[in-house]
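Below is one structure, written out as C-alpha cells; comments come after it.
Indexing begins at 1, ligand by ligand and atom by atom, following the structure's order.
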Amino acid sequence: MSKVRKIVFATNNKHKLEEIRKIADNQLQILSLSEINCNEEIDETGATLEENALVKARYVKERYGYDCFADDTGLEVEALEGGPGVYSARYAGEGCHPEDNMQKLLSVLQGVESRNARFRTVIALLINGEEHLFEGVVSGRIIEEKRGGSGFGYDPIFMPEGYQQTFAELGNDIKNRISHRAIATEKLMEFLMKR
Ligand code: IMP
C-alpha cells in the first residue's frame, strides 16, 4: 500500500485549499493550519511575495515540525509599477473587504488606458531542511467593471490573456487549470513527485 505524503499548506483560506486539493488530486494529503492546531495569525511582514511565503513556511516548520509550503500572491498592475503587488490583500486598508480592494483599483485606474496586469504566485517549500521557491504567473488586464460571480478577490475584474471572460466568469474549473496558483502548484507537485 502506498503511503500518501502529509504536508501542511500554511493557510486556512478555504478557496485556496479547495483549489490546491483539486490540483493535487490524491497525490498528497494537504493539511490546513487549523488541522494541525495552528490557530495563530502568522504576520506577513515581508517586502516581497518571496519573503512572505518563506516567513509563513518557516513559522510552521519551526514550531510544528511539519514539511510545509506557503504561498503569497499579488496582483501586479503595470500602470502602478507592479502595485498593489505584495499589498494586494490590504490595498484599501488593513482588514478591508476584497470588494473595497476592487473598488479602489477600479477608481485608481479610471481613465487609465494601460490596463495590463498579472497575477503572480510564489510558493515556498520547506522540506528535509531545504528551501525551494516556485513561481506562477498569469498575464491579462483589468477591465472597467466587475463581471462574474465565481472565484474570489480580484477575479471579477481580471481578464486573462487569450480569454474574453474574467476569472470570475470562467468559473473554478477553467481558472484552476490556468491560474497563477495552478502554474506554481504544478511546479511544486512536479518537484515533490520526483522525490
Ligand atoms: P494571498 O497572498 O493569496 O492571500 O493573496 C493576496 C491578495 O491577492 C488577496 O487579497 C486575494 O484576494 C488576492 N488574490 C490572491 N489570489 C487571487 C486569485 O486567484 N484571484 C483573485 N484575487 C486573488
Q | Evaluation steps, salt bridge (Lys or Arg N to Asp or Glu O under 4.0 Å), between Glu44 and Lys56 | A | CA-CA 7 Å; Glu44 297 192 8; Lys56 288 186 275 186; 3.1 Å; yes

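- Summary of contacts: the protein heavy atom closest to atom 16 (N) of ligand 1 is Arg181 NH1, 3.2 Å.
- Judged purely by atom type and a 3.5 angstrom limit, Arg120 has no side-chain atom pairing as donor or acceptor with the backbone of Gly85.
- In this structure, Lys104 satisfies the cation-pi test against Tyr91, with its NZ or CZ atom closer than 6.0 Å to the six-membered ring centre and inside 45 degrees of the ring normal.
- The nearest heavy-atom contact from the protein to atom 23 (C) of ligand 1 is Phe119 CE2, 3.7 Å.
- The two residues Phe152 and Lys16 make their nearest non-hydrogen contact at CZ-CG, 4.4 Å.
- Put simply, part of Lys175 is less than 4.0 Å from ligand 1, judged by heavy atoms.
- Of all protein heavy atoms, the one closest to atom 3 (O) of ligand 1 is Lys16 NZ, 2.7 Å.
- Residue Arg90 places no heavy atom under 4.0 Å from ligand 1.
- With hydrogens and angles disregarded, a donor-acceptor distance shorter than 3.5 Å links the side chain of Asn12 to the backbone of Ser34.
- For atom 5 (O) of ligand 1, the nearest non-hydrogen atom from the set Asp155, Asn101, Thr73 belongs to Thr73.
- For Asn176 (side chain) and Asp173 (main-chain N/O), no donor-acceptor pair under 3.5 Å exists by modelled atom type.
- Using a cut-off of 4.0 Å between Lys/Arg side-chain N and Asp/Glu carboxylate O, Arg141 and Glu161 are scored as not salt-bridged.
- Salt-bridge annotation for Arg63 and Glu40: absent, with no side-chain N of the basic residue lying under 4.0 Å from a carboxylate O of the acidic one.
- The protein atom (non-hydrogen) at minimum distance from atom 8 (O) of ligand 1 is Ser88 CB, 3.7 Å.
- In Phe152, the parts holding a heavy atom less than 4.0 Å from any atom of ligand 1 are both the side chain and the backbone.
- Here's the thing with Lys56: none of its N/O atoms is less than 3.5 angstrom from an N/O atom of ligand 1.
- From the protein, the heavy atom lying nearest to atom 2 (O) of ligand 1 is Asp72 OD1, 2.6 Å.
- Leu106 has its side chain within reach of Ile157: a pair of non-hydrogen atoms, C-beta onward, lies under 4.5 Å apart.
- The shortest contact between atom 12 (O) of ligand 1 and any protein heavy atom is with Gly153 CA, 3.2 Å.
- Nearest to atom 9 (C) of ligand 1 by heavy-atom distance, out of Ala89, Pro84, Gly85, is Ala89.
- Atoms of ligand 1 lying under 4.0 Å from at least one heavy atom of His180, given by number and element, are 16 (N), 17 (C), 18 (C), 19 (O).
- When the heavy-atom distances from atom 13 (C) of ligand 1 to Tyr91, Tyr87, Tyr154 are ranked, the shortest goes to Tyr154.
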